[in-house]
Amino acid sequence: MSNNAGLKEQILQLKKERNAIILAHSYQRPEIQDIADFVGDSLALARKAQEAECDTIVFCGVHFMAETACILNPTRKVLLPDLNAACSLEASCPAEELADFLQKNRDKNYYVVAYVNCSIGVKALADVIVTSGNSQRIIETAPTNRPILFVPDRNLGAWTAARTGREMVLWNGACHVHERFTRDQILAMKEKYPQAAVVCHPECQEPIRLLADHICSTEKMIPYCRESAGNSFIIVTETGILHRLRKLVPGKEFIPVTMGQCSCAECEYMKLNTLEKLRNCLRDMQPEVKVEASLRQKAEKPLLRMLELSL
Ligand code: 13P
Ligand code: SF4
């Protein structure tokens, strides 16, 4: 039996013993996606975590996603295979800095919209949360008598502002993986694959978004590519989604953005989770992600508002 096959058997056995569900984000390693009970984008995963009825949720993703699961379903034990799975967008908006900014600008009475890629402390300061899959819809419901502050992603914020026509003050944060893409790289890819459509994530910078045929969350890439008349797609986001696309949309070609031989788009935080760490966390019932009760209560409100508004 191969090492992976042995690990998979142990994971499935432990999952039963622990009455656990395994949730995985689209950027996880292929072998983790394949063993998960559910794979999705941040929005779909938040919903799955909220409705999970088992004792334990193993979250194969990054820390803020597991934290969101704790906020939405506080009576479950939430495990994250590697506690170091952080996020550069989350890091670009410390809660204390946001609290300080809001205090200094309290006369403005900002309506604070927080992209889900942020800490529980930032969520607790927000009026509503958005994901890349619902930001347009949520912003369309924002009160018109208050200025909007969008944190932490300046790229998703700018894209949503352009699509909704709503003016927003943007926090100066970004994802280091999506900001690695350059206009020259995409132009070179288009020249090499002239038939391919360019599909990009809204965390990319504007010069990249301007070259795209379609911009959407990881989840929405699947129906877009399936329903498109085209047969090949240059995928401008983290490479983990290619596995899902190839599995769910067979017969079409999905091309990662490369520089020379190597892909420029791997999120090292997402890739920290491995089958071995997944097995270990189910065996040892740790690392566990826990949240403080009073912060949880504050952060739950804007998350529930988002889930309600995006139904
Ligand atoms: P999605 O919600 O589109 O999956 O994006 C999450 C993320 O971390 C993108 O970098
Ligand atoms: Fe965060 Fe970027 Fe990694 Fe997504 S790809 S988890 S935004 S660092």
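Positions are given from 1, in the same order as the sequence printed here. Keep in mind the model is a prediction, meaning the values are calculated, not measured. When a ligand or atom number is given, it counts from 1 through the structure's own listing order.
Using a 4.0 Å cut-off between a side-chain N of Lys or Arg and a carboxylate O of Asp or Glu, E292 and R296 do not qualify as a salt bridge. By the 4.0 Å N-to-carboxylate-O rule, K48 lies too far from D37 to be salt-bridged with it. Note on R244 versus E219: salt bridge recorded, some NZ/NE/NH1/NH2 to OD/OE distance being below 4.0 Å. For E266 and R180, the salt-bridge test fails: no basic side-chain N is under 4.0 Å from an acidic carboxylate O. With respect to the salt-bridge test (charged N to carboxylate O, under 4.0 angstrom), the residues E238 and K271 qualify. Using a cut-off of 4.0 Å between Lys/Arg side-chain N and Asp/Glu carboxylate O, K301 and D127 are scored as not salt-bridged.
The nearest non-hydrogen atom to atom 2 (O) of ligand 1, considering only S42, S26, C175, comes from S42.
What sits closest to atom 10 (O) of ligand 1 on the protein, heavy atoms only, is E203 OE1, 2.9 Å. Scanning all protein heavy atoms for the shortest distance to atom 5 (O) of ligand 1 gives H201 NE2, 3.3 Å. If you check which protein heavy atom lies closest to atom 8 (O) of ligand 1, you get N117 ND2, 3.2 Å.
Remark: side-chain polar atoms of N134 are paired, donor with acceptor, to backbone N or O of T131 under 3.5 angstrom.
Counting only protein N, O or S atoms, 1 lie closer than 2.8 Å to atom 1 (Fe) of ligand 2.
Annotation for Q195: atom CD does not count as buried by contact number, only 12 or fewer foreign heavy atoms lying within 6.0 Å.
No part of E219 comes within 4.0 Å of ligand 1, judged by heavy-atom distances. Contact annotation for S217 and ligand 1: heavy atoms of both the backbone and the side chain come within less than 4.0 Å of the ligand. Contact annotation for E238 and ligand 1: no heavy atom of the residue comes within less than 4.0 Å of the ligand.
F181 and I208 make their closest contact through O-CD1, 3.6 Å (heavy atoms, listed as atom of the first residue, atom of the second, distance).
Of the N or O atoms in T131, none lie within a sub-3.5 Å distance of an N or O in ligand 1. Residue contacts with ligand 1: D41 is placed with no nitrogen or oxygen under 3.5 Å of a nitrogen or oxygen of the ligand (distance criterion only).
Ligand 2 has at least one atom lying under 4.0 Å from a heavy atom of E203.
Put simply, L156 and M221 are part of two different groups of oily side chains (I, L, V, M, F, W, Y) that touch within less than 4.5 Å, one to the next.
A salt bridge (charged side-chain N to carboxylate O under 4.0 Å, His left out) with R154 is found for exactly one of E179, E206, E203, namely E179.
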